[in-house]
Amino acid sequence: MSTTLFSALGSLTNPNISMVMLLVKATIILLVAIGITMSMQRASAGARHLVWLVTVAALLLVPALTAWAPIRLRMLPAEASPTPAVAPPSPAQLSLTAAGANGNEIAVSAPNTIGGAGLASGSIAKPTGFTVMGGISLLLLIWAAVLVVIAGSLGYAALVVRRIVNRARPLDSEDWLTPLWEVSDRLALDEAPRLLRSEDAKMPFACGLFTPTIVLPAECDGWSLDRRRAVLLHELAHVRRHDLVGHTMGRLACAVYWFHPLVWTAAKQLRSESERACDDLALSCGARATDYAEHLLDIVTSVRRDATPSVALAMARRKEFEGRMLAILDPELRHSSPSRRQSAALIGSLALISILVGAAAPARRVQAAQDTAQTQRVRDGDLAKKAERSEKGYPDSREIIDGSKTHTNMQSRSSLTEQVSEHVSSAMRTAVSTAVSSAVSSAAALTTPSGLRQLLSQQDTQKSGKDDERPALLAKILATESSANLRRIAAWGLADYAEKPVAAEALATALRRDSDPSVREMAAWALADANRSSTAAVDALIAALRGDANIRVREIAAWSLGNVGGRSSAVSDALAAALSDPNVGIRKRAAWALGNADLRQAPPALIALLRDRDPEIRELAAWGLYQIEDPASIPALDAALRSETDKSLQIAYIKALAAVGEKSVDALKALLESKDPEIKSIAVRALAGGHATGPWPWPWPEPRPFPE
């Protein structure tokens, strides 16, 4: 908004000027947020969520900023104000009465003016009955009544959630605690939230601002391990991102601004973007897009009527599910979260804009103020003459002129009010037009051959695959297409068919022969889903790990071997040789792959990594030995435990020793005399066996590389 707009609003002297300014400021902030998010359609959902979060927070602060603004700084002494000769008139119309020659009364009406005064020979009429302030009071009463109703509904929803939580039973069995700990460690949560099973819940949801809690329906008893991980990834992502705080702020904003449609839109977008950001976080943790979307679809379709309270965050809702599915399955969208620097820059910029708009205050034009003061002085000087002439039965000519000026001034104010309304309406129409154009552009993008091909390659997948020609078509594109980008997309699509020989052979050939490293990287990633019996896939990955010129391709090849290699001696030998690679990233992925390869004996090279300089590699080596459970690693773990100074690594070595079993008792007995209470406690837990040592910080799987 320009200075003219605020000046125009400043000239309005109605008592509801603060309410008008509050609405205008809130509308400006909302229109700015809409414009910013429209320009970020291809950005990550986490970035757009930040925009709406700052917007909602600004809306809640606008009333305080409006009351606080402006800051008055006096640079010169204040101008002495003239002392009025007569008390200022009331806002009501003044009645001037005088006795005529025949004894009758003559009434003369003078319109109200800014700073002006009317004169009555008898008495001045006072406001009666329903005044302007009465109308404002009625509006405030209606606003407060609706606010109380909405707040009451939110309070009732909170009570319903509390009742569901109190009646639920904890899921503390090993088949639930293991994936809970695993996902909590992937998301870097300091403490895993409460996990409950409720007969009253139909949809998984997260709740609890101060005590994060995940509530699952009774149907969770029959879920597979993959579905449990997918649900926990999504719900714990809400906890990791503190989305319950933002969700509560959105509900409060809707309660305060219940009459403003754009505020409801902002709250809806805030929740929608938080769901998509959690989906992105789940995908970045290694969840396959197709499997994750399938789990979401099954959960949503199994619930006919979702009765999740409004204060909780349900995993999925039917109304917003279609957009989420398209976002999950679209390989061209960014699924990464914004960095800390990007988040800080975005939050700082939006906060600055919101503070400037919220703290702005209307200022009367200088010329208008001078005219008003001059009119006041003239009228104060002529009060006696007006009284004298009014007694004679006719009004002063100056009064008539001033009355016409006042009438003109009121017309100009009305015109300014219409201009302000038209300006705000024009801005809203522009924002809506921009939104429609963007939506049309996004829909048109789906009609392009590339966009449509990628969308179709992820939807309506036939599980039988008998009549599916897509693997052969994508394999042909991968082998013959001249565009490296299209070959990369074809390799990405073949990941869903990596178990089929035609797909595995095409990917293996591309990994060996393709000239573009990004295509080879994608082919290596896609082969992670191939069958362990596929000799072509395993041989191509081993060859890439040993001899590919691109470091990134070799890293992905090591990770894929950990998924597809099994107990093959050729795979373990190749991964063990990669442990001595000068590149840290390759050594890390090789150590993780050995721990994930289901080996019975630990390679000597993996045990030797306990002496590596990099603490992350030493921790990965301990995790690999924890997975393999080879008694031959006990002496090396005991020696590493004695020489290690990092407490977190000491705990990792203790867990690895505990996994070996009774043969590690001698190495653990000495820890019972430790002066460190944490080390002593973890040693006792290690002797107890099983998962008594708590969750292991399981290394993150390789995030899926998306086509560019």
Side-chain angles (χ1 to χ4, degrees), residues 186 188 284-286 336 339 484 488 491-492 507-508 510-528 530 537-565 568-597 599 602-628 633 636 640 644 646 648-649 652 656 697-706 708:
R186 289 197 204 181
S284 67
C285 287
S336 58
S339 63
R488 179 177 170 86
W492 181 84
L507 291 169
L511 180 57
R512 290 176 178 272
R513 302 178 182 177
D514 200 286
S515 59
D516 190 275
S518 66
V519 178
R520 298 200 304 273
E521 174 193 354
M522 186 64 75
W525 172 83
L527 285 174
V538 173
D539 292 345
L541 289 171
I542 292 175
L545 176 61
R546 288 178 172 175
D548 197 283
N550 187 276
I551 293 178
R552 181 61 180 169
V553 174
R554 293 163 61 195
E555 290 178 356
I556 298 295
W559 172 79
S560 294
L561 282 173
N563 287 277
V564 73
S568 171
S569 59
V571 172
S572 59
D573 292 342
L575 291 172
L579 294 177
S580 60
D581 194 282
N583 183 271
V584 176
I586 294 176
R587 297 204 305 274
K588 289 181 179 179
R589 285 161 179 80
W592 176 87
L594 286 170
N596 200 51
L599 300 178
L606 180 62
I607 299 176
L609 282 186
L610 294 173
R611 300 188 300 270
D612 196 276
R613 296 181 179 180
D614 192 313
E616 284 190 40
I617 293 181
R618 296 201 300 273
E619 185 176 11
L620 278 169
W623 176 82
L625 295 175
Y626 168 87
Q627 293 291 108
I628 299 173
S633 63
E644 185 61 58
D646 190 332
S648 62
L649 287 176
W698 192 74
W700 284 32
E702 187 68 35
R704 59 185 299 141
F706 287 91
E708 300 175 352

Kindly compute the distance separating [atom1] ([X]) from [atom2] ([Y]), expressed to the nearest 0.5 Å.
{"X": "Trp525", "Y": "Leu511", "atom1": "CH2", "atom2": "CG", "answer": "14.0 Å"}
{"X": "Leu594", "Y": "Leu599", "atom1": "CG", "atom2": "CG", "answer": "6.0 Å"}
{"X": "Leu507", "Y": "Met522", "atom1": "CG", "atom2": "CE", "answer": "10.5 Å"}
{"X": "Asp581", "Y": "Leu545", "atom1": "CG", "atom2": "CG", "answer": "8.0 Å"}

Restricting to non-hydrogen atoms, name the atom on [X] and the atom on [Y] that form the minimum distance, rounded to 0.1 Å.
{"X": "Ala591", "Y": "Leu620", "value": "CB-CB, 4.2 Å"}
{"X": "Ile607", "Y": "Ala636", "value": "CG2-CB, 3.3 Å"}
{"X": "Ala544", "Y": "Ala557", "value": "CB-CB, 4.0 Å"}
{"X": "Val519", "Y": "Ala484", "value": "CG2-O, 3.4 Å"}
{"X": "Ala574", "Y": "Ile542", "value": "CB-CG2, 3.9 Å"}
{"X": "Ala523", "Y": "Ala510", "value": "CB-CB, 4.3 Å"}

So, [X] side chain and [Y] main chain: donor-acceptor pair closer than 3.5 Å or not?
{"X": "Ser560", "Y": "Leu527", "value": "no"}
{"X": "Asn596", "Y": "Gly562", "value": "yes"}
{"X": "Arg520", "Y": "Asp514", "value": "yes"}

Distance-only check: which donor-acceptor pairs under 3.5 Å involve side-chain atoms of residues 610-617, not counting sequence neighbours?
unit_1: Asp612; atom_1: OD1; unit_2: Asp614; atom_2: N; d: 2.8
unit_1: Asp614; atom_1: OD1; unit_2: Glu616; atom_2: N; d: 2.8
unit_1: Glu616; atom_1: OE1; unit_2: Lys588; atom_2: NZ; d: 2.9

>> I'd like to check the side chain to side chain donor-acceptor pair (under 3.5 Å) partners of Arg587; sequence neighbours left out, ordered by chain and number.
In response: none
> Taking side chain as C-beta onward, heavy atoms only, is Val553 less than 4.5 Å from Ile556?
Replying inline: no
> Can you tell which of Glu555, Arg554, Arg552 makes a side-chain contact (heavy atoms from CB on, under 4.5 Å) with Glu521?
Replying inline: Arg552
> Would you call Asp516 and Arg488 a salt bridge, taking side-chain N to carboxylate O under 4.0 Å as the test?
Replying inline: no
